[in-house]
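Shown next, in structure tokens, is the structure this report addresses.
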Protein chains: 2
Amino acid sequence: MLLGLTDVFRSKGYEGASLNDLAEATGLKKASLYHRFPDGKQAMAVAVMDHIEKWVEENIVKSLLDVDKTPQERLKNGLSNIKTFYDAGNKDCIFRALSMQTGLTLFAEQIKGGMDAWISTFSEIGLALGQSQQNAHNSALQALVEIQGSLIVSRGMNDITVFDNTLKNIEKRYLSD
Amino acid sequence: MLLGLTDVFRSKGYEGASLNDLAEATGLKKASLYHRFPDGKQAMAVAVMDHIEKWVEENIVKSLLDVDKTPQERLKNGLSNIKTFYDAGNKDCIFRALSMQTGLTLFAEQIKGGMDAWISTFSEIGLALGQSQQNAHNSALQALVEIQGSLIVSRGMNDITVFDNTLKNIEKRYLSD
DNA sequence: GTCTATAGTAAGATAGAC
DNA sequence: GTCTATCTTACTATAGAC
């Protein structure tokens, strides 16, 4: 059910996601959605953000920080999970979708928190690969920028190889240090 | 008047931009907007895309291709105009705003065209700086990805230095070849 | 917990005076 | 060309049966 909500919000954005869209994507009727989310559409979007945060934590973050693996393996696994997360570039990023201005300031904090977590996780990989603190931070920020940008460009040019090549470049850059 | 429309669409997206928003931003009443755009909101968004396309052509493209300047000067001027265009990272990109899924397929073609033009213009700079055709294309695509991504991350982290540093890095990378 | 039916509101769009 | 006033539709949200 959360998967349906997630798909709608990440592809259409908050304002673009209508209750009819959300109901159809979940297979529930509108009234049933309201039964589960008495606070309405905002609460649905918040639940989606929470769900994604957990998914990222349990998949991407965990694989990037797995102490039983070498940094190289961790990086590979993490990037592979990121590719899965964005369905190889076919799915939009929820950050992008919910950082559109809405009049609500509701998601700004969660988005900033998510990006901070992302950067600090990638920084760990850089440090493990021998980068300085400064370089590790810059590499992580750069990876975030490139992933976000390549998703936009992949969508705009209707060419998901942009996303895939970006992931490959990120890996190559990390491993060439 | 187009400036007001542009501000609303690029910050709120197509679905998020209400006629009330658009009227307020232009200083006109809704009925007056409809007098100028009998085909309604879609026509307003199309006009905004056209307007931006022209602005980019007459400012960014022209400065990047100015035959009276060295490639180095052209790059500097072009990036400087890009910085102005995005108000140093404070304004969102219309590509991002209008590439959200809407049910309308209205803008996909214009966005693809805009990105193609962007890439081919930046490729010229790469070639003028001695890059191979292949490298010039890759550099241009990379610049587009980074600009788009840095705008998303700047907004999400509420830190426009991400955008500014990205522009600086693009310049440095081009000039270090 | 899910549904049909409907309320209430805000949206996109028009009519017609000036 | 711009306005006030209004129409129609789509939206978010609720009531109440099962």
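These numbers come from a predicted model, not from an experiment. The sequence lines fix the lettering, A, B, ..., with proteins before strands; numbering per chain opens at 1.
B:Phe37 has its CZ atom 15 Å from the C1' atom of D:dT2, to the nearest Å. Rounded to an integer number of Å, the gap from A:Arg36 CZ to D:dT12 P is 19 Å. Note: CG (A:Leu28) to C1' (C:dT2) measures 8 Å, nearest angstrom.
Remark: B:Lys41 does not engage B:Glu15 in a salt bridge, criterion side-chain N to carboxylate O under 4.0 Å. A salt bridge is defined here as a Lys NZ or Arg NE, NH1 or NH2 lying under 4.0 Å from an Asp or Glu carboxylate O, and A:Asp50 with A:Lys54 fails to meet this definition. Salt bridge annotation for B:Lys62-B:Asp66: absent, with no cationic side-chain nitrogen under 4.0 angstrom from a carboxylate oxygen.
In this structure, the side chain of A:Arg10 does not engage the main chain of A:Ala97 through any donor-acceptor pair within 3.5 Å. Panel note: side chain B:Arg74, backbone B:Val67; no donor-acceptor pair is recorded below 3.5 Å. In this structure, B:Thr121 contributes its side chain and B:Ala117 its backbone to a donor-acceptor pair below 3.5 Å. Between the side chain of A:Thr26 and the backbone N or O of A:Ala23, at least one donor-acceptor pair lies under 3.5 Å.
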Nucleotide-resolved protein contact map, nucleotides 5-18 of chain C, B/S/- at heavy-atom distance under 4.0 Å: ------SSBBB---

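For B:His35, whose side chain is taken as the heavy atoms from C-beta onward, the closest listed nucleotide among D:dT4, D:dT2, C:dC3 is D:dT2.
End-to-end axis angle of the helix from C:dG1-D:dC18 to C:dC18-D:dG1, using five pairs per end and rounding to 10°, comes to 0°.
Contact annotation: A:Ser32 side-chain N/O to C:dG1 OP1/OP2 distance is not under 4.0 Å.
Taking the six-membered ring for Trp, A:Phe95 and A:Phe107 have ring centres at least 6.0 Å apart.
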